[in-house]
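Structure, as C-alpha cells:
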There are 2 protein chains.
Amino acid sequence: MSAPSGDDMLSRGLRLLTVLADHPAGLGVSAVARTAGLPVSSAHRLLGRLAADRFVAYDEDTRRYALGVRVLELSRAFQRSPAGYSAAADPMRRLAARTGLPAIAGILDGADVLLVLTVQGTQHLQLRSAEGTRNPWHATSLGKALAAALPERERERLLAGGLPAVTDRTRTEPGALREELARVAARGWAEVDEENEVGVRSIAAAVPDPDGHGSPRLAVSLGATVVLTSAEELRTHVPALLDCAEEIAAVMG
Amino acid sequence: MSAPSGDDMLSRGLRLLTVLADHPAGLGVSAVARTAGLPVSSAHRLLGRLAADRFVAYDEDTRRYALGVRVLELSRAFQRSPAGYSAAADPMRRLAARTGLPAIAGILDGADVLLVLTVQGTQHLQLRSAEGTRNPWHATSLGKALAAALPERERERLLAGGLPAVTDRTRTEPGALREELARVAARGWAEVDEENEVGVRSIAAAVPDPDGHGSPRLAVSLGATVVLTSAEELRTHVPALLDCAEEIAAVMG
DNA sequence: AAACACTTTCCATCCCACGGAAAAAAGGGG
DNA sequence: CCCCTTTTTTCCGTGGGATGGAAAGTGTTT
C-alpha cells in the first residue's frame with residue numbers, strides 16, 4: 001500500500017535499474033538522478049557500482065547508462081524457477097496448437113496483470129514476446145479471471161483502487177465490474193472485448209489452486225484479433241481453455 | 001580479470017540476486033549467506049530489502065527466497081533496448097524462415113558467449129528459449145566468429161584464459177584454435193561440430209560493425225542436429241547467414 | 001568567448017550498515 | 001514428550017563508508 005521501498009543504498013540502486021528500464025534508449029547521470037529523485041553525485045556513484053557488476057551498461061562515447069546484460073541472466077533463471085511457471089508451458093503449447101491462437105499466462109501483481117509466459121499461435125498474428133509486460137487488471141481477461149477468484153476483501157480493494165480507462169471500451173464503473181466478476185466466478189472464465197487494446201479480444205480462465213486452499217495465482221488466456229475471430233467463435237474455445245487450466249493445475253501440484 | 005564487484009550494500013544485494021539465480025528452487029537465509037560469503041544477519045537484512053522491492057520473492061510457508069517478478073520487467077526492458085538487439089529480430093526471422101533452422105544471436109561477455117536473441121526454426125527441433133544462457137566462447141560458433149574479429153590483444157587474452165573441454169570434441173589447444181580463428185577471419189564465418197553439445201552443430205558469422213571502426217559486438221548463428229543435417233548441408237546456408245549478418249548491420253547503422 | 005548543461009572528483013560530516021550475540025522458532029531423533 | 005540441533009529473526013553499539021554540496025573538468029550552444 002505505502003511506499004514499498006526504503007531509501008538505503010540497495011533500494012536506491014534498484015530504483016535506478018527501474019528508471020533505466022523505463023528508458024531503454026539510455027540516460028545520462030543527471031537525467032537518471034532527476035527521475036529517481038536523487039542527488040547527482042549519489043546517482044553517479046551508484047551507477048558506477050551497478051556498471052562494475054554489469055547490471056547497467058555504460059556507453060563511454062555517449063556517456064549514457066542503460067540496463068546491462070546481467071538482467072538477462074536473472075530473468076532466464078526466474079523463468080526456469082517454479083515462480084516462472086515453466087510447468088505451464090507444455091499445456092499452453094498444446095492449447096495454442098489446438099486453437100491456433102496465442103496463449104498467454106499471467107499473474108496478479110498489485111493492480112496489474114504481469115504476463116509471465118507466452119506461446120505463439122499458428123496464425124500470422126504473432127504477438128511480440130510480451131513476458132514482463134504489465135496491464136491494468138480490469139482491462140484484461142486474465143485480470144478479471146484472477147480477480148474473480150480472489151477473496152472478497154482483496155477483490156474489493158482492487159475495485160476501490162481506481163479503474164482508469166485504457167480504451168473507450170474499458171469498464172470503469174466499480175458496480176458494473178463487480179457484477180461482471182460475479183458472473184466470471186460463476187461460469188469459470190472471463191472475457192474482454194477491445195477493453196485493453198483496440199482490435200484485440202481475449203478469454204481467460206484462472207488455474208485452480210493446486211494446494212486446494214487459497215486463491216489461484218495464475219491464469220491462462222487466448223487472444224485473437226477482432227477482424228479474424230468473432231466473439232462467438234472465440235467462445236467455442238472455452239472448453240479447451242478450461243482443459244488447459246486444469247492440466248496446468250495438475251502439473252503444478 | 002580481478003573481482004569486479006566491491007563489497008558495499010548494493011553489490012552485496014546484487015550478489016544475492018545472482019546466488020538466487022543459480023538456485024531456481026529457492027534457498028533459505030543461511031544457505032544464501034553461506035554461498036554468498038556473508039554473515040547470516042546481513043543476508044537476512046538484504047533479502048528483506050530485496051523482497052520489499054519484489055526483486056526476490058519470499059515464500060512464507062517454506063521460508064525460502066527466490067528471484068522475484070521484477071527481474072522479468074527488467075529483462076523485458078533490456079530486450080527492447082538497443083543493447084537488446086531487437087533490431088536483429090527481423091533479419092533473423094527471415095533467415096530462420098529461409099533455412100528452416102533456428103537462428104541465434106549472441107555477444108561476447110568476458111570469456112563467455114551470451115545468447116541475446118533466438119528465433120525458432122520450422123523444423124521440430126525447438127530449442128528452448130535460450131536468451132540469457134552462457135557458453136564458453138571457444139566451444140561455440142558464435143564465440144569463434146566473434147573472437148576471430150577481435151583485436152589481437154584481446155583475442156590472445158581469450159586464448160590464454162583457459163580452454164576447458166565441454167565435450168570430447170572441444171578444441172582445447174590454444175595453437176590449433178589460433179589457426180582456426182585465422183581461417184575464420186579469412187572466410188568470414190565459423191563452424192562448430194559437437195564441440196559444445198553432443199548432437200548439435202552450428203555455423204556463425206559476425207555482424208560487421210556499423211560504426212566502421214571497432215570490432216563487431218554481435219554475431220548470428222544457425223544451429224542444427226547432426227542427425228538431420230550434415231556438415232555439408234549446413235554449409236550451404238553460409239550465404240544466407242552472411243546476408244543476414246549484413247542486413248543486421250544495415251539496420252543497426 | 002561567454003554562458004550553460006552535464007559529468008566527474010573531492011571531502012568532512014554524520015548516519016546507517018554491520019555482524020556478533022541472543023532469542024525465538026522450527027525440525028528431528030530417541 | 002523432551003532435548004538437541006539447525007535455522008530464522010531480532011537486537012544493539014560501534015565504526016566505517018555512504019552521503020551530497022561544492023568545485024573542477026568537459027563539451028555544447030548561442
Side-chain angles (χ1 to χ4, degrees), chain A residues 2-20 22-68 82-83 211 213, chain B residues 2-20 22-68 82-83 211 213:
Chain A
S2 57
S5 57
D7 202 31
D8 32 73
M9 190 187 192
L10 179 53
S11 295
R12 284 182 169 191
L14 298 175
R15 203 191 318 162
L16 293 193
L17 288 181
T18 66
V19 166
L20 292 178
D22 289 335
H23 299 271
L27 242 46
V29 182
S30 57
V32 172
R34 208 175 308 125
T35 42
L38 289 179
V40 187
S41 54
S42 297
H44 184 260
R45 178 164 22 86
L46 292 171
L47 286 171
R49 307 291 171 123
L50 289 168
D53 289 334
R54 272 182 311 187
F55 278 83
V56 316
Y58 178 48
D59 187 324
E60 301 205 338
D61 298 330
T62 65
R63 292 172 187 245
R64 285 184 155 184
Y65 295 86
L67 288 183
D211 302 348
H213 57 287
Chain B
S2 58
S5 57
D7 202 31
D8 30 76
M9 191 187 191
L10 180 53
S11 295
R12 285 180 168 194
L14 298 175
R15 202 190 319 161
L16 294 192
L17 288 182
T18 67
V19 166
L20 292 178
D22 290 335
H23 298 271
L27 241 47
V29 182
S30 56
V32 172
R34 209 175 306 126
T35 40
L38 290 180
V40 187
S41 55
S42 297
H44 185 260
R45 179 165 19 89
L46 293 170
L47 287 171
R49 306 292 174 128
L50 289 168
D53 289 335
R54 272 182 313 186
F55 279 84
V56 317
Y58 177 50
D59 186 323
E60 301 207 335
D61 297 331
T62 67
R63 295 175 184 242
R64 285 185 155 182
Y65 295 86
L67 288 183
D211 302 348
H213 57 287

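Values below: all heavy atoms of this structure, side chains included; hydrogens, waters and symmetry mates excluded. In what follows, every chain begins at residue 1, and chains take the letters A, B, ... in the order their sequences are listed.
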[N] OP1/OP2 closer than 4.0 Å to side-chain N/O of [X]:
X: A/R45; N: D/dT19; answer: yes
X: A/H44; N: C/dT7; answer: no
X: B/Y58; N: D/dT8; answer: no
X: A/R63; N: C/dT8; answer: yes

Review point. Are the charged groups of B/R15 and A/D53 less than 4.0 angstrom apart, N to O?
Key: no

Point to revise | Selection: residues 9-18 of chain A, any non-hydrogen atom under 4.0 Å of DNA chain D | key: A/M9, A/R12

Point to revise | Strand contacts (DNA chain D) in residues 31-42 of chain A, 4.0 angstrom heavy-atom criterion | key: A/P39, A/S41, A/S42

Might you point out which heavy atoms bring [X] and [Y] nearest each other, and give the distance in Å?
X: A/Y65; Y: A/L20; value: O-CD2, 3.5 Å
X: A/P24; Y: A/A66; value: O-CB, 4.5 Å
X: B/H23; Y: B/V19; value: CD2-O, 3.2 Å
X: A/A25; Y: B/P82; value: CA-CD, 4.3 Å
X: B/L16; Y: B/A36; value: CD2-CB, 3.6 Å
X: B/V32; Y: B/L27; value: CG2-CB, 3.6 Å

Can you tell me the distance, in whole Å, between the [atom1] atom of [X] and the [atom2] atom of [N]?
X: B/D7; N: D/dG16; atom1: CG; atom2: C1'; result: 13 Å
X: A/R64; N: C/dA5; atom1: CZ; atom2: P; result: 17 Å
X: B/E60; N: D/dT9; atom1: CD; atom2: P; result: 9 Å

Point to revise | Of residues 23-30 of chain A, the positions that come close to DNA chain C - non-hydrogen atoms, cut-off under 4.0 Å | key: A/G28, A/V29, A/S30

**Study point:** Under 3.5 Å: donor-acceptor pair, side chain of A/R63, backbone of A/G28
**Key:** no

Review point. Do A/T35 side-chain atoms and A/A31 backbone N/O form a donor-acceptor pair below 3.5 Å?
Key: yes

Exercise for review: Kindly indicate whether the side chain of B/L10, heavy atoms from C-beta on, has any atom under 4.5 Å from the side chain of A/F55.
Suggested key: no

Point to revise | Spatial distance of atom CG (A/L46) from atom OG (A/S41) [nearest 0.5 Å] | key: 9.5 Å

